Amino acid sequence: MPNIEDEVPRPCKRQRLEVDPEPGGSADPEQPSGSGTDAVRSEPELSERLRKVMLCTVCLELPHPDDSYQCSLGHIVCEDCVTRLLAEAALNNREAQCPHCRTHISWQELTKNLAVGQTLWELPKSCSDCEQQMEYKCLAKHLKTECAKRLVHCQYRCLGCTWQGCQEDSGQHEASCHNLQMSSDEILHELATIDRLEQMAAQPLRQCHRQLSAPRISYEDLDLRWPQHSSRLNGELRFQSPTIFVFEESWRLRVKLVLGTGTERRLSYSLKILSSPQEVLLVKYFATLPAIHVRAKQLMDVEPQLNESFFNLAGQSSEFKLLPMSCQIATYRLLAMPRIKLRLWMMLN
């Protein structure tokens, strides 16, 4: 039986156009000069068009691929801008909205788009130091090891040299660094000074760790209640936790948010005893963020700093102590949480 497929004529391949080897020649004599190719070349490159589409709708910067979110209508917002939008909305007792389409946004409603994230990794990004353009996925390595304009310290910093500048200038400095002329006694003195300063910087954390071996220790994960109304008393907002029971007594944590000028936000906290203790209690305490309720980047937003106070009367409160935040955006991250949580550590000696 004849093969039916052999009887069906196959479509001919399109003939390849030969380029005219003569200078100024046209590949297609019927194609008007400059009508097609030049018009295409005059349009922005695809990567540039995609870059404009991927910009954060708030700060108009290209978001980090791992920190880009989209509202229910697909508008892109970077994580820092989402954090500020949610925090400011909570402070003003209103719903957070996408600045582009005005749809409601929250951490539960915001989503990540895999295609957007993969596209962002491939888009060109300018180095903030040398302004060289490269793919986003290469930027971290460039900033760490390759950029000639990145900020570096003198390699003799361990000997007390305080110079810092561009990497391209470091060689010239290090060739004439005065620390090269130091005697052995001077080197030992500088090393001892630096070691003493490092120990002083780590002292608050060491104090907290040391107190964790106290005879009686407890910690509680607390939900902070937002004020029932948005009135601001002397530029302050006050939060409080539910009652907790520790060391056979009842307690409550109070947090005060001071609204400074501009975007300044300062948090402090106080411990209050509600019951009447049988004896004078010396309680040492500090606050952190609970790891089970926050993302990895938030774990060190609240820096542990040990406080202590005596309690001997019902209703007695400690002084408001600064809640040390690692940076300003850390304060916004705390306020933007769906439910503000703190872990309160209490030690009784």
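Sequence positions, counted from 1, serve as the residue numbers for this chain. Quick caveat: nothing in here was measured; it's all calculated off a predicted structure.
- Residues S106 and H104 have side chains in contact (heavy-atom distance under 4.5 Å, counting atoms from C-beta outward).
- Between D301 and L334, the closest side-chain pair of non-hydrogen atoms is not below 4.5 Å.
- Surrounding CZ of R94 are more than 12 heavy atoms belonging to other residues, nucleotides or ligands, all under 6.0 Å away.
- When side chains are defined from C-beta on, Q240 does not count as touching V255, because their heavy atoms never get closer than 4.5 Å.
- Of the N and O atoms on the side chains of R252 and S241, not one donor lies less than 3.5 Å from an acceptor on the other residue.
- With rounding to the nearest 0.5 Å, the separation of CG in L281 from CD in Q278 is 9.5 Å.
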Exercise. Given salt bridge (Lys or Arg N to Asp or Glu O under 4.0 Å), test K297 with D67 step by step and report yes or no.
Key: CA-CA 11 Å; K297 66 170 58 178; D67 297 332; 3.4 Å; yes
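- Taking CG of D223 as the start and CD1 of I340 as the end, the distance is 9.5 Å to the nearest 0.5 Å.
- Cation-pi geometry between K321 and Y269 is not satisfied (NZ or CZ under 6.0 Å from the ring centre, within 45° of the ring normal).
- Y69 has its side chain within reach of K112: a pair of non-hydrogen atoms, C-beta onward, lies under 4.5 Å apart.
- Taken from CE in M347 to CZ in F247, the straight-line distance is 8.0 Å, to the nearest 0.5 Å.
- R266 has its side chain out of reach of M325: every pair of non-hydrogen atoms, C-beta onward, lies at least 4.5 Å apart.
- Centroid-to-centroid, the aromatic rings of W251 and F311 come within less than 6.0 Å.
- Residues C166 and L151 are not in side-chain contact: their nearest non-hydrogen atoms beyond the backbone lie 4.5 Å or more apart.
- Exactly one residue among E146, K149, R150 makes a side-chain contact (heavy atoms from CB on, under 4.5 Å) with C130. That residue is K149.
- Both L91 and L342 are members of a single hydrophobic cluster when ILVMFWY side chains are connected at heavy-atom separations under 4.5 Å.
- Although no hydrogens or angles enter the test, the distance criterion places a donor-acceptor pair under 3.5 Å between the side chain of E174 and the main chain of Q155.
- Of the possible donor and acceptor atoms, one in the side chain of T57 sits under 3.5 Å from a partner among the backbone N and O of I76.
- Using a 4.5 Å heavy-atom cutoff, the side chains of F320 and R254 are in contact.
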Quiz item: After noting the C-alpha distance and the side-chain angles of C78 and S68, does the key distance pass the side chain to side chain contact (heavy atoms under 4.5 Å, CB included) rule?
Solution: CA-CA 5 Å; C78 68; S68 64; over 6 Å; no
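- Between S270 and L253, the shortest heavy-atom contact is O-CD1, 3.4 Å.
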Practice problem: Show your reasoning for whether salt bridge (Lys or Arg N to Asp or Glu O under 4.0 Å) applies to R84 and E79. | Solution: CA-CA 9 Å; R84 287 187 172 90; E79 182 173 323; over 6 Å; no
Self-check item: Stepwise side-chain hydrogen bond (donor to acceptor under 3.5 Å, both in side chains) check, S275 with E249
Solution: CA-CA 6 Å; S275 57; E249 308 292 346; 2.5 Å; yes
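- K341 and D221 are not joined by a salt bridge, as no carboxylate oxygen comes within less than 4.0 angstrom of a charged side-chain nitrogen.
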Exercise. Determine, step by step, whether W121 and H64 satisfy the ring-ring contact (aromatic ring centres under 6.0 Å, His included) criterion, reporting the C-alpha distance in whole Å, the side-chain angles of both residues, the deciding distance to 0.1 Å, and the verdict.
Key: CA-CA 8 Å; W121 281 120; H64 190 279; 5.3 Å; yes
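- In this pair, W345 and Y219 present their aromatic rings tilted. The plane angle is within the 30 to 60° band.
- Taking CG of L271 as the start and CD1 of I244 as the end, the distance is 7.0 Å to the nearest 0.5 Å.
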Practice problem: Would you please test V77 and Q70 for side chain to side chain contact (heavy atoms under 4.5 Å, CB included) and show each step? | Solution: CA-CA 6 Å; V77 188; Q70 65 179 24; over 6 Å; no
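- You'll find the side chain of R343 stays beyond 4.5 Å of the side chain of L222, heavy atoms only.
- A donor-acceptor pair under 3.5 Å links the side-chain atoms of N92 to the main chain of E88, judged by distance alone.
- Put simply, the side chain of S126 never gets that close to the backbone of Q133: no donor and acceptor are under 3.5 Å apart.
- Ring-plane geometry between H100 and H75 is classed as tilted, the angle between the planes lying from 30 to 60 degrees on a 0 to 90 degree scale.
- A cation-pi arrangement, defined by a distance under 6.0 Å to the six-membered ring centre and an angle within 45 degrees of its axis, is absent between R333 and W107.
- Each salt bridge (Lys or Arg N to Asp or Glu O under 4.0 Å) pair with one or both residues in residues 122-133, not counting sequence neighbours, appears once here: E122-K137.
- In the hydrophobic clustering of this structure, I292 does not group with V294; members are Ile, Leu, Val, Met, Phe, Trp, Tyr whose side-chain heavy atoms approach within less than 4.5 Å, directly or through other members.
- L224 and L344 fall within the same hydrophobic cluster, where Ile, Leu, Val, Met, Phe, Trp and Tyr residues are linked whenever their side-chain heavy atoms come under 4.5 Å apart, directly or through other members.
- Within the 3.5 Å criterion, the main-chain N or O of F310 finds a donor-acceptor partner in the side chain of Q316.
- Between the CD atom of E61 and the CG atom of L55 there is a distance of 7.5 Å, given to the nearest 0.5 Å.
- The distance from the CD1 atom of I273 to the OG atom of S317 is 10.0 Å, given to the nearest 0.5 Å.
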